[in-house]
Protein chains: 2
Amino acid sequence: MATATRPAPGGPSGSSRGHGRSEARERLLSTASALFYREGIRAVGVERILAEAPVTRATFYRHFPSKDELVLAYLRGVDAHIRAGTQAAIDAAPSPADALRAIGTAVADDLARPDFRGCAFLKAAAEYPDPDDPVRQVVLDHRAWYVATLTGLFAQVFGDSPRRGKPEHAALHFVMMRDGAMSGAHLDGADAVGAAFHRGVEGLLTLLH
Amino acid sequence: MATATRPAPGGPSGSSRGHGRSEARERLLSTASALFYREGIRAVGVERILAEAPVTRATFYRHFPSKDELVLAYLRGVDAHIRAGTQAAIDAAPSPADALRAIGTAVADDLARPDFRGCAFLKAAAEYPDPDDPVRQVVLDHRAWYVATLTGLFAQVFGDSPRRGKPEHAALHFVMMRDGAMSGAHLDGADAVGAAFHRGVEGLLTLLH
DNA sequence: CACGCAAGAGAGAACGGTCTTTCTACCTGG
DNA sequence: CCAGGTAGAAAGACCGTTCTCTCTTGCGTG
């Protein structure tokens with residue numbers, strides 16, 4: 001009985017046979033995601049992840065061919081999560097303007113979370129400066145989707161009174177404020193930056209109704 | 001004559017005796033600064049810096065007790081450079097509003113530089129998540145100075161018509177747009193983001209004259 | 001003036017640590 | 001049986017740091 005610290009050998013969900021998703025894989029990904037986001041990608045070694053998952057080296061490399069692939073899975077997970085939340089906010093909003101307001105509120109709520117540490121994509125891009133890196137591609141895809149979504153919403157808002165500027169300009173302004181709020185909140189204080197972002201979004205919307 | 005590849009044994013400036021600044025030290029700092037900014041701090045090893053300076057290991061550790069200290073010198077150099085440029089822009093401007101416009105133009109010019117890779121301080125903060133790290137302190141000092149400077153200028157502008165909001169709010173809004181533009185420019189395209197930032201600053205200024 | 005010496009800089013070996021990755025061996029449940 | 005898990009050793013590369021040795025330069029002293 002030398003195997004003392006073992007976390008439920010069988011696992012709760014029985015069907016962990018398929019190679020797609022398994023209990024160890026999910027533990028691995030969620031633990032790594034939290035560590036990558038909180039302490040940085042390069043700063044977190046495989047050893048740390050294995051210790052906190054907890055999972056052995058062999059299991060890790062059976063599910064992910066390399067650490068880089070785990071990093072990509074982490075970013076793709078954040079991307080999927082944000083896209084789903086944004087789409088839900090749009091579907092629930094009674095008007096395009098309200099959808100934009102809801103997206104802005106979601107950003108402001110993020111800033112106020114106690115474990116908020118900035119935008120996962122901007123941080124990842126800062127750690128991977130090579131433009132050809134697959135990590136950068138995921139970041140760029142996410143941002144392109146975000147700008148396109150905002151542009152579509154602003155275009156609908158502009159449809160009513162098309163004399164206040166271009167939808168692309170409004171979307172870029174929104175993203176610029178979001179990026180700034182996300183980058184500065186945990187440095188200058190979430191409350192003040194959140195309030196500034198809220199005023200900015202409100203100003204952008206009342207400017208063109 | 002085995003010493004083939006040597007870069008001017010004596011050096012151009014003779015008085016390299018004082019331990020404060022020397023020719024090798026400046027080469028070291030400028031080379032490291034460029035590498036840190038372009039490829040990231042953690043990603044650049046001492047080996048790379050020594051090879052590109054070029055400088056030997058012994059010389060490096062004679063001038064800097066550790067790589068961390070070199071990183072701090074890099075950030076303090078950027079800080080000093082920006083403070084000097086900003087102060088010069090303020091002194092040259094005929095009015096506080098023009099000073100703010102000049103600071104905005106300086107930011108926009110930065111975005112358009114071909115070697116622009118984002119804000120050195122935001123990137124450094126992303127690579128050093130520990131709030132107690134000396135690197136974070138330099139970043140926080142720089143940002144506090146920046147916000148204070150902008151708040152002072154906006155307060156002077158508000159002095160004429162004090163009914164349009166608080167100077168702190170305007171300064172925070174300016175910084176938020178700057179951070180966003182700095183973070184997104186090399187991802188979404190410097191031209192579009194620079195134009196959005198310019199429109200944002202212009203809007204912020206015409207809103208309260 | 002000649003000499004010697006301290007100091008800055010070059011060249012390179014080497015140490016201890018950490019990182020990612022690979023490998024072998026054993027156990028368990030359907 | 002075998003797929004997926006645990007356990008642990010270990011290879012190979014890289015990183016920051018320390019060390020020893022040599023060369024050159026500038027300056028004060030005898």
Side-chain angles (χ1 to χ4, degrees), chain A residues 1-29 31-32 35-36 39-72 127-128, chain B residues 1-29 31-32 35-36 39-74 127-128:
Chain A
M1 307 298 179
T3 66
T5 57
R6 197 98 63 85
S13 63
S15 68
S16 62
R17 180 59 63 91
H19 73 294
R21 60 218 59 181
S22 80
E23 210 259 332
R25 191 199 144 96
E26 285 190 27
R27 242 186 307 150
L28 213 32
L29 185 52
T31 313
L35 285 174
F36 286 158
E39 309 190 11
I41 297 174
R42 298 193 104 102
V44 172
V46 172
E47 196 86 15
R48 270 291 293 291
I49 302 170
L50 299 181
E52 298 201 15
V55 143
T56 59
R57 236 172 287 274
T59 304
F60 171 86
Y61 283 100
R62 197 174 296 128
H63 285 291
F64 298 96
S66 68
K67 184 195 173 186
D68 290 330
E69 215 61 39
L70 178 64
V71 172
L72 289 176
E127 293 199 68
Y128 289 81
Chain B
M1 306 292 184
T3 65
T5 58
R6 197 97 64 83
S13 62
S15 67
S16 62
R17 181 57 65 89
H19 73 293
R21 60 218 61 180
S22 80
E23 210 259 333
R25 190 198 144 95
E26 285 191 28
R27 241 185 309 149
L28 214 32
L29 185 52
T31 311
L35 286 175
F36 286 158
E39 308 190 11
I41 297 174
R42 299 193 103 103
V44 173
V46 173
E47 196 87 15
R48 270 292 293 291
I49 301 170
L50 300 182
E52 298 202 15
V55 143
T56 59
R57 239 172 285 275
T59 304
F60 172 84
Y61 283 101
R62 198 174 295 126
H63 285 290
F64 298 96
S66 68
K67 184 195 174 185
D68 291 328
E69 216 62 38
L70 177 64
V71 172
L72 290 176
Y74 151 59
E127 292 199 69
Y128 289 80

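Worth knowing before you read on, the calculation uses all heavy atoms, side chains too, and leaves out hydrogens, waters and symmetry mates. Each chain gets a letter, A, B and so on, in the order its sequence line appears, and its residues count up from 1.
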CG on A:L72 to CD on A:E69, rounded to 0.5 Å: 5.0 Å
Of all heavy-atom pairs between A:I41 and A:K67, which one has the smallest distance, and what is that distance? O-NZ, 3.1 Å
Atom-to-atom span, NE2 of B:H63 to P of C:dG10 - whole angstrom: 9 Å
From CZ of A:F64 across to P of D:dG5 the rounded distance in Å is 11 Å
note: B:Y61, atom OH; D:dG16, atom P; distance rounded to Å ~ 7 Å
Report all side-chain donor-acceptor pairs from residues 49-56 of chain A shorter than 3.5 Å, counting only partners two or more places apart or in another chain.
residue : atom : partner : partner atom : Å
A:E52   : OE2  : A:R48   : NE           : 3.1
A:E52   : OE2  : A:R48   : NH2          : 3.1
A:T56   : OG1  : A:T59   : OG1          : 3.0

Here the distance between atom P of C:dA7 and atom CD of B:E23, to the nearest Å, is 21 Å
Please state how far atom CG in B:L28 lies from atom C1' in C:dA9, giving the value in whole angstrom units. 12 Å
Out of C:dA9, D:dT6, C:dT20, whichever nucleotide has its closest atom nearest the side chain of A:K67: C:dT20
Is any side-chain N or O of A:R57 under 3.5 Å from a base N or O of D:dA7, one able to act as donor and the other as acceptor? no
Ranking D:dT20, D:dG5, D:dG16 by distance to the side chain of B:V46, first place goes to D:dG16
Hey, which sits more toward the 5' end of DNA chain D by its nearest nucleotide, B:P65 or B:R62? B:P65
To the nearest angstrom, how far is B:I49 atom CD1 from D:dC14 atom C1'? 14 Å
For the backbone of B:R42 and the side chain of B:E127, can you confirm whether one donor and one acceptor N or O come within less than 3.5 Å of each other? yes
Look at atom CD of B:E39 and say whether more than 12 heavy atoms of other residues, nucleotides or ligands are closer to it than 6.0 Å. yes
Would one find a side-chain N or O of A:S22 under 4.0 angstrom from OP1 or OP2 of D:dG5? yes
Using atom CG of A:D68 as one end and atom P of C:dT21 as the other, report the distance to the nearest whole Å. 6 Å
By nearest heavy atom, map B:A24 and A:L50 onto DNA chain C; which one lands nearer the 5' end? B:A24
Round to a whole Å and report the spacing from CG of B:L70 to P of D:dT17. 10 Å
State whether A:T56 places a side-chain N or O below 4.0 Å from either non-bridging phosphate oxygen (OP1 or OP2) of D:dG5. no
